[in-house]
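Just so it is clear, the values below take in all heavy atoms, side chains as well, and ignore hydrogens, waters and symmetry mates.
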There are 2 protein chains.
Amino acid sequence: MVETFQLQMNEYLPLRDVVFQTLRQAILRGELKPGERLMEIHLAQQLGVSRTPVREAIRKLELEGLVLMIPRRGAVVAEITVSDLEDVLEVRMALEELAVKHACHSVTPGQLAEIRRLAEEFKNTLSGDDVAACAQADMRFHDAIYEATGNGRLVQILNNLREQMYRYRMEYLKDRKSHRNLIEEHDGILQALESRDEALAAQMTARHIECQKEYFIQMLGPRE
Amino acid sequence: MVETFQLQMNEYLPLRDVVFQTLRQAILRGELKPGERLMEIHLAQQLGVSRTPVREAIRKLELEGLVLMIPRRGAVVAEITVSDLEDVLEVRMALEELAVKHACHSVTPGQLAEIRRLAEEFKNTLSGDDVAACAQADMRFHDAIYEATGNGRLVQILNNLREQMYRYRMEYLKDRKSHRNLIEEHDGILQALESRDEALAAQMTARHIECQKEYFIQMLGPRE
DNA sequence: TGGAACAAGATTGTATACAAAATGCATAGA
DNA sequence: TCTATGCATTTTGTATACAATCTTGTTCCA
């Protein structure tokens, strides 16, 4: 099985960053599967670069937890167990609640309008078939809320936690049965933000995460 | 000004990891100051290794946000502003509360005994003069609580957030006026855990963080 | 047939080499 | 004196080289 992920050299970026992003996406999207070994020479040849940028990219993936380093054996794509996923979701729940509560009193009218627009945009993508576009739109909606907190560190951690679950979110979005709930949940969060009701916003957000959690666990439970 | 941080090659670890930990500590402890450039050859020579492990270490520091990469100019130690510190503390507050509440119902009697022992040990170190030892003991006390949650991701993030503030915590611990409060706060948390009172535990933890926050802000406020 | 020992190949860890870019200084000209 | 230009130096980005280690497969012996 020969994977073929291409480097996209749009702008001038160091190769290591391009390789990092390429490998990162390949892992998060499941093109590189858990347990698979990342061998430097092979990756380098496939991407048309030398080992050096590949190694540096792997160092970053290592810190992010996406690959596991085994000394003198190299990197393997990290497994994600149900238990890992539950751990991540528990932290995410706490931080998403923090974010939305914070946003309730820090969001500007302009940001609120943007969030409203993004919620609408998300609804529109759901009617289409492009799951990746849905994921993008969903991400932008939530990002707008994160940004409204003005807490850069919170934004960074939440982004990271969300991306840990990219694969599973895609499955969730593919399932049309979840669409109705998603729209309602986003609307709920939006309304809570508009009325600046912290408690309600937290509650809506918690439900939003909880629904995903149940789906993931149901999806993964039987397998492992 | 010639910095002299030595590599400590206790066990067999890849050089890149030794370099990473060495540079990381040097930054967190303030030996490498914000704004300072990290030049590969110099660091390599100083540490007695080649550029390769140094570069790989820098890639990890970059992802962690401890250094800032400027393309074709290299790495500089990231600035930490008061605002950054407040951001970190806000996230930490939420996650410390999550951890202690979780621990309230997941801590085993054995773990509780260990936490009690570590609280005692912390008190003992406070009577001495070794600030680093105090920091260690404090860390172990909190780690034991984190571990009691059984949530590996939460442990990892909390550890990381705590280390972001290493420098400032040291100042806090040096100030003998804070000792009395610290002991009381730890006792409060311990008692809440023993009675498995989630609300009280969260409240005690919040106060613990809040005190540190006030100290840090008071300390840094005038300067920047 | 089973297992241990050894050898060949593959892979990582580290060092070094080389090219491209950025910086800084010196010098020339207005 | 001030500015601009060009050259030398420094530094990064990438590639390659070499050694240490691990894996694997084969052979030999019990």
Exercise for the section: Flag the pair A:Asp129 and A:Arg176 as a salt bridge only when some basic side-chain nitrogen lies within less than 4.0 angstrom of an acidic carboxylate oxygen. Expected result: yes
Handout entry: Cationic N near anionic O, under 4.0 Å, A:Glu64 to A:Arg24
Key = yes
Practice task
In whole angstrom, give the distance that lies between atom CG of B:Leu43 and atom C1' of D:dT10.
Solution key: 15 Å
Fill in the blank from the handout: Per side-chain contact (heavy atoms from CB on, under 4.5 Å), B:Leu118 is matched among B:Glu120, B:Glu121, B:Arg116 by B:Glu121
Exercise for the section: Find the distance B:Leu13:CG to C:dG13:C1' and express it as a whole number of Å. Expected result: 13 Å
Exercise for the section: In whole angstrom, give the distance that lies between atom CG of B:Asp17 and atom C1' of C:dT14. Expected result: 13 Å
Problem - Spacing of B:Ile41 atom CD1 relative to C:dA15 atom P, expressed in whole Å - result: 14 Å
Handout entry: Spacing between B:Met39 atom CE and C:dA21 atom C1', to the nearest angstrom
Key = 16 Å
Problem - Most 5' of A:Glu40 and B:Pro71 on DNA chain C, judged by nearest nucleotide - result: A:Glu40
Problem - Phosphate-side-chain proximity, A:His42 and C:dT11, N/O vs OP1/OP2 below 4.0 Å - result: yes
Practice task
Pick base, sugar-phosphate or nothing for A:Arg72, based on heavy-atom distances below 4.0 Å to the nucleic acid.
Solution key: base
Exercise for the section: Identify whether the distance between the nearest side-chain nitrogen and carboxylate oxygen of A:Arg59 and A:Glu56 falls below 4.0 Å. Expected result: no
Practice task
Give, ordered by number, those residues of residues 50-60 of chain A having at least one heavy-atom distance below 4.0 Å to an atom of DNA chain D; if nothing qualifies, reply none.
Solution key: A:Ser50, A:Arg51, A:Thr52, A:Pro53
Handout entry: B:Lys174/B:Glu171 salt bridge by N-O under 4.0 Å criterion
Key = yes
Problem - Residues B:Glu114, B:Arg117: salt bridge by 4.0 Å N-O rule - result: yes
Practice task
Would you mind reading off the distance between A:Arg73 atom CZ and D:dT23 atom C1', rounded to a whole angstrom?
Solution key: 8 Å
Exercise for the section: Would you kindly give the CG-to-P distance between A:Leu15 and D:dG13, to the nearest whole Å? Expected result: 11 Å
Practice task
Whole angstrom is fine here: how far is it from CD in B:Gln45 over to C1' in D:dT10?
Solution key: 13 Å
Handout entry: Any side-chain heavy-atom pair of A:Gln164 and B:Arg153 under 4.5 Å
Key = yes
